[in-house]
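Below: one structure, written as structure tokens.
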Amino acid sequence: MKKLINDPADVVADALRGMDAAHPELQVDHENRVVFRADAPVRGKVGIVSGGGAGHEPMHGGFVGLGMLDAACAGEVFTSPVPDQMVAATQGVDGGAGVLHVVKNYTGDVINFEMAAELVAAESGTEVVTVVTDDDVAVQDSTYTAGRRGVGVTVLLEKLAGAAAEEGRPLAEVAEVARRVNGQGRSMGMALTSCTVPAAGRPTFDLPEGEMEIGVGIHGEPGRRRVPLAPAREVAEMLVEPVLADLDLTGGDGVIAFVNGLGGTPLIELYVVYAEVRAVLEKAGVGVARSLVGSYMTSLDMAGCSVTLLRADEELLRLWDAPVRTPGLRWGV
Amino acid sequence: MKKLINDPADVVADALRGMDAAHPELQVDHENRVVFRADAPVRGKVGIVSGGGAGHEPMHGGFVGLGMLDAACAGEVFTSPVPDQMVAATQGVDGGAGVLHVVKNYTGDVINFEMAAELVAAESGTEVVTVVTDDDVAVQDSTYTAGRRGVGVTVLLEKLAGAAAEEGRPLAEVAEVARRVNGQGRSMGMALTSCTVPAAGRPTFDLPEGEMEIGVGIHGEPGRRRVPLAPAREVAEMLVEPVLADLDLTGGDGVIAFVNGLGGTPLIELYVVYAEVRAVLEKAGVGVARSLVGSYMTSLDMAGCSVTLLRADEELLRLWDAPVRTPGLRWGV
Amino acid sequence: MSAVGTEQAAAWVQAFAERVAEQRDHLTELDSAIGDADHGTNLDRGMTAALAGLQATPPADAAALLKAVAMTMISKVGGTSGPLYGTFFLRMSTALGDGRPAEVAAAFRAGVDGVVARGKAEPGDKTMVDALLPAAEALTDAVGAGEPLDAALRSAAEAAARGRDAVTASVARKGRASYLGERSAGHVDPGAASAVLLVESAAALAGG
Amino acid sequence: MSAVGTEQAAAWVQAFAERVAEQRDHLTELDSAIGDADHGTNLDRGMTAALAGLQATPPADAAALLKAVAMTMISKVGGTSGPLYGTFFLRMSTALGDGRPAEVAAAFRAGVDGVVARGKAEPGDKTMVDALLPAAEALTDAVGAGEPLDAALRSAAEAAARGRDAVTASVARKGRASYLGERSAGHVDPGAASAVLLVESAAALAGG
Ligand SMILES: Nc1ncnc2c1ncn2[C@@H]1O[C@H](COP(=O)(O)OP(=O)(O)O)[C@@H](O)[C@H]1O
Ligand SMILES: Nc1ncnc2c1ncn2[C@@H]1O[C@H](COP(=O)(O)OP(=O)(O)O)[C@@H](O)[C@H]1O
Ligand SMILES: [Mg+2]
Ligand SMILES: [Mg+2]
Ligand SMILES: [Mg+2]
Ligand SMILES: [Mg+2]
């Protein structure tokens, strides 16, 4: 294993120290491993809390700031944070207008956030609404399974719901925006290599030179199928087509198109993929209203990418263009 | 070789198409492979042109925009662009106040920019001043060699000189800022893995599991020495100490500290390194005025990082905080 | 062994922690194949913290001990297995009573019911429940038939192992393994494997 | 061969392009060891474009031909070798005169001087200059001694190869290889290797 780390057991604590040092505009509670907006709680504003296992940087801590999250809880690598962290985060961002929990649909995340919400309800009057993201079309959605994973849409949702909260809208409306984003967005990912979990010390799976995995998530889980390596042009088709098959995205206000790098893939390759994604969308008659290309939700050092498409509407575009000032996403301010 | 690309010969053209599609605020001249600010030339403002081989994304094209570059020329991967591109860029950004060429100190870059400047001088009245960056302390600086490489300082210089130009300052002053930044900044890099040049198809060098290279540049050149893998704590020392030995950075207004990822290293590791860099600086009595942590100047898919320290002063801090709006760096606007 | 007191509970927790430490890399390897390569690390971190907690604040009785372990699992582990094992120990602690065999069986069953209530897994979904439920049933049956606790725990451990093995061929329908669809078939479920260690730790103590 | 006309120049360029194509991966491999793994790709891209340009717009004479190659190298290759080889061909084209042996030797020398003026490398810095300079000297000497051009070019090719080999053991002082310090010693310089191909291409034609 080759990583720029100290003891694998300290990776999350060490990274939080670095993040704290790099971003004076954030407050880091190292004891609870919660990253807060420096001005939290913002009086009268709905607080937005997210979190999850570490290893997806800049998500979620890097999305804390004006127009996005109020707090993010960091778990161990690929391991949901614990209820205590979420309680601390929720209490710390409660400005009197209630708190939205943004939870990616993984059993661990769902259970821990659920327990946290129960604890908050038992201990305080803070109103908590939870929205779960489950946008990954690689996974069959069925009531008899854990359902689809929450992936790329989470980044877009945190931006859009964050903008709605920043406008001063009430919890129910902010949650409605969040649910709409999740309902209108779908993703699909692929990997060229496995990632290596620091504590495990070696790649989660083997992926020979000429092969790639289609339908991976962001935790180094193997994908749905293994296929021969293909040019970016075909990779774009393999990712975009299942998304288009799952959700009608033609017409209307077009889509917000998001090509995400999984941590080990450089930006030059993401731009190559994005060019091909645009070509596939054009052929399918899907217009693109906004673009996001970069490594915003990683899977440690995995080489690969995901594509997320979100059906845009006038309101979502306005919220997308609204100011955001976080380490990971920043514009309009 | 596992990359998200089509034909290796098309990588740069394909990536420029993706970049163009992702950033409507840029104008891309695909024929000349020049990325322009959409509003170039800006009347009365010094134009700033940079460029170099591709493979370092977001540098340089991702630094085109308000408060930074007016144009960037993209060469083939790791190959300096040609004079014709630089001439087109220079003419396209000439707003009547002259043009600054920012050139990293590599023989190819220097020669091609030199020829471009000669052509511009022969063909037009545009005043061109060239500033060459050479901040890499891994390389011995001697008049009998090619001198030090230009690395991380280039990013900081493009930001700071860009801010000076945006203030409407004359070419001589903008060039003076640029030279000062180069003079006050030093860098050192290391690699955990080699990169793979697409056209070459395999890693430029072999680096066994338990070893790393210290003193690498950003073109997949092997470094100065190979040492056993070490924890981030020691890596930070190996990078910071030679920088401190080369330039007195204690006292004054502190430094702008920049931890850069080389393309294959995820942000979580860069934060771990940054925490350790801060610890080394603290021990050395060097204060940190501003921080930048991320993959801003990559070496394709190389895993590794570099550290750049720039002695700050009041003016540089003001220029650092000035608005910048580019795909790669963005704040204050 | 006629009743489970503080000493027995402590020995069980200690034995489980040891088995987990010893099998940590194996559990993580199982989780690499069909999950995210952290199950061994997660459990080991939790049980190490639990032992440290017990050392620092010795609990008054077996129920308090199990509750302390539960709270550590819930507040130190995270992921799926942290709150589920935490819930197991928590529910068990409140139902343990005097620790007589029938109470132990009922408490174990309560713990398993807690896991099911929290995780909503059904038998055959290929989770820890597939080891825990048969163990609970075997324990209840054996104790109900008047077998001594030692023997009953051994039956429970065997039932847990059979339950784990029975779903190895199946396609997972809960947890991360479910994302793999058909590819999850043929792999041992990591949580089922750790649950077997839990029951075996009890059986080994009882037998020794 | 008594003089270099359009045909000879075309054949030389063609032969060089072929050698470069054939040795492309080898040149890139040499550049992997002490550079950035693109020398073969760079030259091959340039010479392929140069041939295509000659085909599209057949030049009037040998000088025009060399100038066309020069312009392609300068405007299509980039890096260090693009402008240096471009400068070589450009300077050579302006000094070629009627292509008689003495003029060819002088033109070659002018080309090499152009490379030195542009790149500022000195003999022994471990660059293409270490193959080109000895070749220029050998050519001038042989032609001056009245040898026929064929034989003179063969001497030049041998001198180039000796020059390349002579600096293999040295530490590079120019170009990317210089960043490696001592580690550059023992490796063949890629530009010196390609310069040998250039001179050998001429010698082979002359000889055949
Ligand atoms: N819904 C569920 N109910 C019960 N157990 C479950 C459920 N989902 C997953 N598990 C168990 O959890 C185990 C994985 O635990 P662990 O790896 O620690 O957590 P995570 O999956 O969050 O990384 C699985 O092997 C499975 O036995
Ligand atoms: N200053 C110089 N003068 C002459 N030749 C040089 C100089 N610097 C480098 N070279 C030659 O250029 C070769 C490398 O060419 P190439 O790989 O195409 O360019 P780059 O180094 O820009 O990637 C070296 O092997 C060396 O022979
Ligand atoms: Mg996990
Ligand atoms: Mg090069
Ligand atoms: Mg797991
Ligand atoms: Mg090279």
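Keep in mind that the numbers below use all heavy atoms, side chains included, and drop hydrogens, waters and symmetry copies. Letters A, B, ... are given to chains in the order of the sequence lines, protein chains preceding strands, and every chain is numbered from 1.
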Chain A heavy atoms under 4.5 Å from [X]: which part of the residue, side chain, backbone, both or neither?
X	result
C:Thr28	side chain
C:Ala33	backbone
C:Arg24	neither
C:Ser75	both

Spacing of [X] atom [atom1] and [Y] atom [atom2] [to the nearest 0.5 Å]:
X	Y	atom1	atom2	value
C:Tyr179	A:His219	OH	NE2	8.0 Å
C:Thr87	A:Ile111	OG1	CD1	7.5 Å
A:Arg148	C:Ser178	CZ	OG	13.0 Å
C:Arg118	A:Glu114	CZ	CD	5.5 Å
A:Thr79	C:Asp36	OG1	CG	6.0 Å

Has A:Gln140 got more than 12 heavy atoms of other residues, nucleotides or ligands less than 6.0 Å from its CD? no
Can you list the steps and then say if A:Glu221 with C:Arg183 is a salt bridge (charged side-chain N to carboxylate O under 4.0 Å, His left out)? CA-CA 11 Å; A:Glu221 320 90 307; C:Arg183 287 175 88 181; over 6 Å; no
So what's closer than 4.5 Å to chain C heavy atoms on [X]: side chain, backbone, both or neither?
X	answer
A:Phe205	neither
A:Pro222	both
A:Arg33	neither
A:Val216	neither
A:Asp206	neither

Is it true that a side-chain atom of A:Asn112 and a backbone atom of C:Gly79 form a donor plus acceptor pair closer than 3.5 Å? yes
Between A:Arg224 and C:Glu182, does any side-chain N to carboxylate O distance fall below 4.0 Å? no
Any A:Val82 side-chain heavy atom under 4.5 Å of C:Lys76 side chain: no
Quick one, A:Ser80 and C:Thr80 - any side-chain contact, counting heavy atoms below 4.5 Å? no
Between A:Arg202 and C:Glu29, does the salt bridge (charged side-chain N to carboxylate O under 4.0 Å, His left out) criterion hold? Intermediate values first, please. CA-CA 10 Å; A:Arg202 48 184 167 131; C:Glu29 220 174 284; 2.9 Å; yes
Closest heavy-atom pair and its distance - C:Thr41, A:Ala199: CG2-CB, 3.6 Å
